[in-house]
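Everything numeric in this text was worked out from a predicted model, so none of it was measured. Numbered from 1 within each chain, the chains take letters A, B, ... in sequence-line order.
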Amino acid sequence: MPSHFEEGALVGVLTTQPLDRLLDYKAPEGGCFVGAFVEVPLGPRKVLGVVWGPGRGDFDISKIRSVIRVLDAAPMLDEMRQFLGRVADYTLTPMPAMLRLATRSPGLGDPPSMRKVYRLGHAEPDRMTDARRRVLEVLSEYGGLSFTLGELAETAGVTSSVVKGLVKQGAVSEEESPRDLPYPRLDPELPGKELTGDQAAGAEVLGAAIRSGAYGTTLLKGVTGSGKTEVYLEAVAECLRKGRQALVLLPEIALTAEFLKRVEARFGAMPTEWHSGVTMTERRRAWKMVGEGGAQLVVGARSALFLPFRDLGLIVIDEEHDTSYKQEDGVLYNARDMAVLRASIASAQVVLASATPSLESWVNAESGKYSRLELKSRFGASELPDMSAIDMRDEDLPSSSWVSPSLQAAVRERLEAGEQSLLFLNRRGYAPVTICRACGHQIACDHCDARMVEHRFLKRLVCHQCGETKPMPEVCPSCEVEGKLAPVGPGVERLHEEAAALFPDARIAVLSSDLFGSARALKAKVEEIASGGADIVIGTQLVAKGHNFPLLTLVGVIDADLGLQGSDLRAAERTFQLMRQVAGRAGRAERAGLALLQTFQPEHPVIRAILSGDEEGFWRAEAAERKAAGVPPYGRMAGIVISSPEAQQAFDIGGALARADGPLRRIGAQVFGPAPAPIARIRGRHRVRLLVKAEKTAPLQAALAQWVAQVRLPANLRLSIDIDPQNFF
DNA sequence: CAGCCCGGACCG
DNA sequence: GGTCCGGGCTGT
């Protein structure tokens, strides 16, 4: 295939417009190459495109127009075109959407924009002052480097008028320079933090993998404080030594100035940042410099995976289990999986770092597909407290009470010792069910059929499925009898009521996401609690992560079985991790902590695994169960998302689609749903998900594509496919 | 019959 | 995705 086209030759161009095929154009004056970013006319408009190959020549030649111009940007490498194609196949995404992902940078075609920079001039200033001397020293110290006005003034510790004064006298020269400058060089030879034996050995293994220049993926497992970051930064250093580029992906929330400072401390300069908060001009610079090799290390969110790296040698996925790597809107992909794909095309190494790896990665490491490195905690022992179960079948508990006598006793002991207790219940609101004692009717949501949850604090009923709310009715909506509506079951608000009655002198704080208007208010409350502002904390999932409570020595889980009901594929995995995280809240106090799990099924394998702390054993059992069921990571699963402003309509059509699944049945795929549970309200639209389960990816993709093609939907409905077989949920 | 709105086809 | 075009409806 020719890679260069003479002027007037037919070229096939992929545009960012949602057309399902390449369009033929004539090569512009001076010709063009495959991969060139071009501007082409489309109807009355000019749009961005990439020369993808020779034209098809099956279109009326007289109607073919010419490429307007080749843009001033590094051409797309063959490797990148291959990557975009593979991701498109894998996620059933049209190519133009892929190209849009890969060109998320403003003004790609603009001529280089200029700004003023400052260097050492030739003349001597008439008068030397301290401030002036500092400016000249900074400029000579950094030799050939040029500064912007602000940078120079800040580095020298003077005001900008000092610099301006020197310019006027010719001691400092002012020049125009392109705005999109290369990023400062990173120096991998600077001394890193001293590594422990474990860490040094890990760094050596990763270093050797990078020196091999081949593809490979390593699961780097280590608890918080075990030094994962130091180890993978050494891998970055090795990658930079080889002259290749490196990418570190972080979950959105972990992308902090603090992390960037750590990188700066290791390499002597800031890396290139890429995330939604980066300004337009910086974004443009980053995109261009990544493509030209003027950026050695990118630290960014998942979309950084689609930057036009010239020679990518390493991708680090920090906190690889984090669900925010899964893009949920637009193009649906999991950055963790696509990173492995990109690395395999680019002959790069991948490091998946996590304290609690996803089951998929664990299985891949176990089967030898990935290598495995484990870092031991610096503190040796586990951070988990003592754990035991309270068998609720043995507890004498009146109805509408949930804190067992055993747990009450443990809380009292903490109150007397002046220590904190956490009562954990993963259920917001007052009561999950409201029932009419006259007729037995349960109040359900009008939109999605899920039961509505009473929130006494808000004085409303709330649907946790779709977000719909309505005032608490006085009379039963079904039999119209007054005063017979009764709450059934506990929520944190009701638990609070019970705790207040049991421990009237204790200071009780409730942490539930719906009780706080802002993140700031929540943070203030958490800090107040941490410094001893409460004796008993009652919390939902909100308390599982993040802040430590140093005074907390007891965690009581009210309904440890809660998450194990239902048909969620990841119920066991999630419950295991949630319980460990929650229990861990009592693991860092001075006195040894205690976690008590109230359960009706102490023999349940998940509860037993939590209590024994046998993580490896749990993963093994969970993996075996998945294997037997043929679900990810062993079988493939795809999701079909139907969204509409009307919950009922989306639901009805979901049901109809689930029944009309000919092409899917033919390949032995099973379609599940829609059940009420998968309805979610997202940005004003209700979404229903259907699950499709199959053994292999390729036939599933083909069947889905065929199936989607034959579906005709009402105009207000959207249908999209989420084929992220490793991690649909 | 002009004005306007909506859905659909098309874009090289 | 943006634009244009034609059909059908409304209103005088």
ask   = With a cut-off of 6.0 Å (strictly less than), are more than 12 heavy atoms of other residues, nucleotides or ligands near CZ of A/R283?
value = yes

query = Could you give the CG-to-C1' distance, from A/L48 to B/dC11, as a whole number of Å?
reply = 16 Å

Whole-Å gap separating C1' (B/dG12) and CZ (A/R56) = 11 Å

task = Could you tell me the separation between the CD atom of A/Q17 and the C1' atom of C/dG2, rounded to a whole number of Å?
result = 7 Å

remark   = Separation of C/dG1 atom P from A/M95 atom CE, nearest Å, is 17 Å

request  = Give one of base, sugar-phosphate or nothing for A/R100, where a contact means two heavy atoms less than 4.0 Å apart.
outcome  = nothing

inquiry  = Between A/S361 and A/E320, is there a side-chain donor-acceptor contact under 3.5 Å, judged purely by atom types and distance?
reply    = yes

Sub-4.0 Å heavy-atom contacts from residues 35-46 of chain A onto DNA chain C, ordered by number = A/P44, A/R45

request  = Would you indicate whether A/E29, at its atom CD, is surrounded by more than 12 heavy atoms from other residues, nucleotides or ligands within a distance under 6.0 Å?
outcome  = no

Which atom pairs, one a donor and one an acceptor, fall under 3.5 Å between side chains of residues 35-44 of chain A and the rest of the protein, sequence neighbours left out?
unit_1, atom_1, unit_2, atom_2, d
A/E39, OE1, A/R69, NE, 3.1

query = Contact class for A/F59 vs. all strands (heavy atom < 4.0 Å): base, sugar-phosphate, or nothing?
reply = base

request  = For atom CD of A/E176, decide whether the heavy atoms of other residues, nucleotides or ligands shown that lie under 6.0 angstrom number more than 12.
outcome  = yes

ask   = Taking atom types as modelled and ignoring hydrogens, do the side chains of A/Q327 and A/R302 form a donor-acceptor contact shorter than 3.5 angstrom?
value = yes

